[in-house]
2 protein chains.
Amino acid sequence: MHPRYALVTNQLKKHQIRLSDRRLKILECLCYNLEHPTVDQIYVNLHKEIPTLSKTTIYNTLHTLAELGLIRIINIEDNKTRYDIITESHGHFKCQTCGSIFNFEVDLKSFATDELSGFKIMERNLYFKGICQECLLNKND
Amino acid sequence: MHPRYALVTNQLKKHQIRLSDRRLKILECLCYNLEHPTVDQIYVNLHKEIPTLSKTTIYNTLHTLAELGLIRIINIEDNKTRYDIITESHGHFKCQTCGSIFNFEVDLKSFATDELSGFKIMERNLYFKGICQECLLNKND
DNA sequence: GTTCCTGCAAAAGCTTTGCAGAAGA
DNA sequence: TCTTCTGCAAAGCTTTTGCAGGAAC
């Protein structure tokens with residue numbers, strides 16, 4: 001079982017939020033889809049298995065999880081929101097050729113600057129864009 | 001005159017893009033609006049002065065400027081795109097209470113990690129969210 | 001005359017909202 | 001029974017597209 005799965009389901013129980021079939025499937029999707037899926041990607045992923053699943057339910061579930069801080073919202077793209085099951089500090093790299101989003105380790109918690117003294121920082125995001133290794137290699141072929 | 005204004009107009013000339021009245025006004029708006037305006041904010045700002053200005057023109061102009069790398073696109077919010085006349089490396093802080101977006105200095109160019117070796121990094125963004133100093137002080141009243 | 005620029009209207013895409021029926025406690 | 005959950009349909013917003021008239025070169 002994915003390490004985050006147990007943690008998230010425990011938190012849901014603690015907040016008296018039902019572990020419905022839909023919610024558990026969406027959570028699974030977040031755990032095993034490393035692409036930081038959009039609502040539409042989750043929908044497509046689960047549609048075969050649950051043909052009656054609606055996007056509204058996906059939106060509802062993601063909002064619930066985000067409010068509890070159990071998933072992270074990624075705004076690396078202009079037009080749509082992505083969701084990340086990993087909430088620990090890390091950066092994101094988006095390949096502008098293939099569209100993939102990669103994680104990379106970076107400790108943002110230690111960052112400080114005088115300009116933000118007196119500010120309460122609650123969320124830190126580092127987003128890079130460019131071309132990933134694989135796409136660069138393919139280009140040179 | 002704002003330091004970026006001359007630079008951007010020169011670049012537009014160089015690329016044989018006409019310095020039309022609309023474009024110059026939108027550029028002015030970006031230079032003197034420190035809020036990192038959205039399309040709608042630019043529209044509202046200029047509407048009194050130019051009642052016939054359309055949002056399509058604002059979109060067109062911003063796309064042109066962004067393609068030439070003369071402005072930066074900010075995706076700190078889920079739903080709408082903001083634009084920044086300052087293209088040098090810096091971070092953004094969004095206050096979740098008043099909605100203001102602050103700049104802060106940070107040199108992202110020097111950041112490196114083994115995980116991204118072999119990747120071509122073209123754009124670096126650091127976004128913080130939280131509560132700004134003023135809103136924190138007001139809260140305690 | 002030819003290219004570029006502008007603005008209206010329509011369309012497209014993502015997300016939210018209202019509501020009613022279903023499921024669970 | 002009462003609350004929560006789900007899904008459809010509609011609405012709301014931002015952004016894009018097609019096109020035609022106008023401006024600039």
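Chain letters run A, B, ... following the sequence lines, proteins first, then strands; residues in each count from 1.
Of the residues in residues 39-59 of chain B, those with a non-hydrogen atom less than 4.0 angstrom from any atom of DNA chain C are B:Thr52, B:Leu53, B:Ser54, B:Thr56, B:Thr57. Contacts between residues 63-79 of chain B and DNA chain C, counted as heavy-atom distances below 4.0 Å, involve no residue at all.
For B:Asp21 and A:Asn60, each mapped to the nucleotide of DNA chain C holding its nearest heavy atom, the one lying further toward the 5' end belongs to B:Asp21.
The distance between atom NE2 of A:His15 and atom C1' of D:dT4, rounded to the nearest whole Å, is 16 Å. At whole-Å resolution of the value, NZ in B:Lys80 and P in D:dT14 are 5 Å apart. In this entry the distance linking CG of A:Leu19 with C1' of C:dA23 reads 15 Å, nearest Å. When rounded to the nearest whole Å, the span between NZ of A:Lys13 and P of C:dG24 equals 17 Å.
Ring pair A:Phe111/B:Phe104 is tilted by interplanar angle, where 30° to 60° counts as tilted.
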For nucleotides 2-5 of chain C, which of its nitrogen or oxygen atoms have a protein nitrogen or oxygen under 3.5 Å away, and what is each distance?
{"from": "C:dC4", "atom 1": "O4'", "to": "B:Arg18", "atom 2": "NH2", "distance (Å)": "3.3"}
{"from": "C:dC5", "atom 1": "OP1", "to": "B:Arg18", "atom 2": "N", "distance (Å)": "3.1"}
{"from": "C:dC5", "atom 1": "OP1", "to": "B:Arg23", "atom 2": "NH1", "distance (Å)": "2.7"}
{"from": "C:dC5", "atom 1": "O5'", "to": "B:Arg23", "atom 2": "NH2", "distance (Å)": "3.4"}

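Summarising the local packing, CG of A:Asn10 is surrounded by more than 12 heavy atoms from other residues, nucleotides or ligands at distances under 6.0 Å. For CD of B:Glu134, the number of neighbouring non-hydrogen atoms (other residues, nucleotides, ligands) closer than 6.0 Å is 12 at most.
No side-chain heavy atom of B:Lys94 sits less than 4.5 Å from a side-chain heavy atom of A:Glu123. Contact of the A:Ile58 side chain with the A:Ser54 side chain is not registered, since no non-hydrogen atoms from C-beta on lie closer than 4.5 Å.
Contact between A:Ile131 and A:Phe93 at its shortest, heavy atoms only, is N-CZ, 3.5 Å. B:Ile85 approaches B:Arg4 most closely through the heavy-atom pair O-NE, 2.9 Å.
For A:Arg72, there are no salt bridge (charged side-chain N to carboxylate O under 4.0 Å, His left out) partners, not counting sequence neighbours. Partners of B:Glu49 under the salt bridge (charged side-chain N to carboxylate O under 4.0 Å, His left out) rule, at least two apart in sequence or in another chain, are B:Lys25.
Evaluation of the ring-ring contact (aromatic ring centres under 6.0 Å, His included) test over residues 22-56 of chain B, restricted to residues two or more places apart or in two chains, returns B:His2-B:Tyr32, B:His36-B:His92, B:Tyr43-B:His47.
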Steps toward ring-ring contact (aromatic ring centres under 6.0 Å, His included) verdict (B:Phe119, A:Phe128): CA-CA 10 Å; B:Phe119 285 53; A:Phe128 285 3; over 10 Å; no
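Among the atoms of the strands shown, none is found under 4.0 Å from any heavy atom of B:Thr38.
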